[in-house]
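First the proteins, then the strands, lettered A, B, ... as listed; each starts at 1.
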Amino acid sequence: MTRTRKPRASAERPLELRLLADMLRIRRMEEKCAELYGAGRIRGFLHLYIGEEACATGAMHALAADDNVVATYREHGHALLRGVGMDAIMAEMFGKAAGCSRGRGGSMHLFDVARRFYGGNAIVGGGLPLAVGLALADRLQGVRRVTLCVFGEGAMAEGAFHESINLAALWQLPVLFCCENNLYAMGTALARSESQTDLCAKAASYRVATFRADGMDVRAVFDTVSRAVRQVREGGGPAFVELQTYRFRAHSMFDPDLYRDKAEIEEWKQRGPIHSLSAQLKAEGRLDEEAFLALDAEAEAEVAAAVAFAEQAPWEPVADLLKDVHTPAGAAAGGTP
Amino acid sequence: MAEINLVEAVNLALAHELARDEAVVLLGEDIGANGGVFRATVGLQQRFGAGRVVDTPLAETAIVGTAIGMAAMGLRPVAEIQFSGFLYPAIDHLINHAARLRNRTRGRLTCPLVVRTPCGGGIHAPEHHSESPEAMLAHTPGLRVVMPSSPARAYGLLLAAIRDPDPVMFLEPTRMYRLFRQEVADDGEALPLDVCFTLRGGTDLTLVSWGAMLHETQAAADALATEGISAEVIDVATLKPLDLPTILESVARTGRCVIVHEAARTAGLGAEIAAGLAEEGLYSLLAPVQRVTGYDTVMPLSRLETQYLPSVERIVAAARKTLEAS
């Protein structure tokens, strides 16, 4: 059972306020996840997106409802903004059967076929050829649609990146490769893992159009990804976009974060995407503190409801342990939402 | 009805499914204009077009990873990997994604993917071109592993593999591609997966094998018959999930079992079958189970190849050993 989310960012709201509201929803959801992880309610690994919210928010708002999304293990925000209910996400974090992957995917493998969200992916670079396959299937089935493939800069050191972008460019498939460059592949800084640290230059060697945006500025992300999506949708072949961002928290809940200078982290925090946008909107006279607090309270209420839902949701029966390794005889294949 | 060899049977099955179901798409290196390294796809691109029979770069990760994405979208991709030794760059995607997509989504997504790849030695090819990786694949929950041993079973099992809703590793014994011909009707009748085929009945012992080794195993059964020894021969065919009941039922009657495979010995599927017999069939055994296998070394170049592969003599010797035991 996947419950659809209650309407939050109302369609009548101006875009900037919807972007702000959605960044707040991701932030508050993940802060609560960190707390629940500490309390032992959420198990497995947990990779937080805190600090990077402008990337998912700008990018997801730039897509059409029918587009495909493939993401990474840091995908809670992407799933949420594609319309996967926060209650279904939270239940999945808990490993409950009411989760969007029915309790077997966990934090790193949120899936929702009905929303064309083809998963988080725990393997770095694992989603890239998958995304090429989605786009190829669309072409073979005569469907015009963009596949957005999100990955971190760490994936660009993987062979899968090269094989996938080569194939997409060779066949001119409608894939937007979206690199969220947060500068560290777990503990390894970009310059320590890449001979070419200009990621757009690297992608451009496959003769794809490249775009770059400040990943801390949600409006810049939205504008840039919108342009890239438009080009891909209009048949321009695949494109690559680099979003330059930073995670404020460690790689995972177990990461001691010894590889980053505390001053560097503090410096990036000054550019926090939620703070930046709300400050800009206040300066432009389009937001006051009261309105900001109202948006924040909305997000907090949604989180509280999601946690309550996850807490009361039933566990998968132990008898189901061996189910779904193979399809039971007589069942239909594939894509049943 | 035409007499065809195993690789022609593969071609016939692929053509049948391409014509029957437009969701079936083939992809791989040189499978189009070139017809495949072993000619398994010859003529198919000309007949069905480049959109159904897709030539890819030499990039196994991309071939299999892309095919998984296509399968998630409801297509039925059949990927060809030129030799099973070239499968290893794609193992990540097979184990981490293809095998787990259904489990990870509790059935909201399945992965109706077939990966065809030639396997095994005996064609005087170097190491990577003679691999027998079936046990490694069978160890992965979620992967179905199938190996035909005749043109008719290649045709029927490949139809079944393509129609199956889950990922199937279809290992084609290279040595059998052109070993013999058999009448195969292009009737679209699939053979059942997940069951053994009893190729000949017998009363004194059970010989269990799969793929190309059934050639030697059947020859061993012939040799034993000249001595008045009646050997039952079982083709396991689907290696995972393993049809242990058929093997147990046979051994319950014969009391003796020899397992023959050309893959390396340690942790080979022979060990799994022997363990199953020990767990569930021990009281019907009249002699210790014997394994006749390849060795724990890399497949040698052609001069030593026949030393590596189980021979008729080794199989007959193992059979005699079980008969002498009691």
Side-chain angles (χ1 to χ4, degrees), chain A residues 2 68 70 97 99-106 109 111-114 118-119 121-123 125-141 143 147 158-160 162-164 166-168 170-171 173 316 320 322-329 331-337, chain B residues 22-23 25 27 49 51-52 54-77 79 89-90 92-93 95-113 140-144 163-168 193-194 240-241:
Chain A
T2 305
N68 302 317
V70 175
C100 59
S101 301
R102 296 181 180 163
R104 281 290 177 90
H109 289 119
F111 274 81
D112 193 332
V113 182
Y118 287 90
N121 199 314
I123 303 297
L128 281 88
L130 184 87
V132 174
L134 299 182
L136 179 58
D138 278 334
R139 169 176 292 174
L140 293 174
Q141 292 173 321
V143 179
T147 296
E158 293 274 2
H162 300 276
E163 293 194 23
S164 302
N166 178 56
L167 214 53
L170 191 67
W171 294 342
L173 294 171
E316 180 182 23
D320 283 359
L322 301 183
K323 275 177 74 176
D324 290 314
V325 176
H326 295 289
T327 304
T336 43
Chain B
E22 64 180 24
V25 179
L27 68 167
R52 303 286 305 285
V54 182
D55 277 315
T56 68
L58 289 155
E60 287 78 11
T61 297
I63 293 169
V64 173
T66 299
I68 295 167
M70 295 163 75
M73 294 282 275
L75 294 179
R76 289 185 176 260
D92 170 26
H93 291 271
I95 294 179
N96 280 323
H97 307 303
R100 300 178 191 199
L101 206 52
R102 179 177 181 84
N103 192 264
R104 190 173 283 161
T105 62
R106 304 303 274 149
R108 283 173 168 139
L109 283 173
T110 58
C111 189
L113 160 73
T140 301
L143 290 185
R144 189 171 253 104
R163 295 170 191 177
D164 192 82
D166 298 316
V168 179
L193 298 172
D194 305 351
K240 175 78 174 290

Under 3.5 Å, is there a donor-acceptor pair between the side chain of [X] and the main chain of [Y]?
X       : Y       : answer
D324(A) : R102(B) : no
R106(B) : G105(A) : no
R102(A) : G107(B) : no

[X] portion near chain B, given a 4.5 angstrom heavy-atom threshold:
X       : answer
L134(A) : both
L128(A) : neither
D320(A) : both

For chain A, which of L75(B), V64(B), V54(B) has the most heavy-atom pairs under 4.5 Å?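 Among L75(B), V64(B), V54(B), the one with the most close pairs to chain A is L75(B).
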Max heavy-atom pair count under 4.5 Å with chain A, selected residue of N96(B), L27(B), T66(B):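 The option with the most such pairs is T66(B).
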Under 4.5 Å from any heavy atom of chain A - which part of [X]:
X       : result
P241(B) : side chain
L101(B) : side chain
E22(B)  : neither

What is the distance from atom [atom1] of [X] to atom [atom2] of [Y], rounded to the nearest 0.5 Å?
X       : Y       : atom1 : atom2 : answer
H326(A) : R144(B) : NE2   : CZ    : 5.0 Å
E163(A) : T56(B)  : CD    : OG1   : 9.5 Å
E158(A) : D92(B)  : CD    : CG    : 8.0 Å
D55(B)  : L170(A) : CG    : CG    : 10.5 Å
I68(B)  : L130(A) : CD1   : CG    : 7.0 Å
M73(B)  : L136(A) : CE    : CG    : 9.5 Å

Please report the closest heavy-atom contact between [X] and [Y], naming both atoms and the distance.
X       : Y       : answer
G142(B) : V325(A) : N-CG1, 3.4 Å
P57(B)  : W171(A) : CD-CZ2, 4.5 Å
G51(B)  : L140(A) : O-CD2, 3.2 Å

Measuring only between side-chain heavy atoms, which start at C-beta, is T105(B) closer than 4.5 Å to V113(A)?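 Answer no - side chains too far apart.
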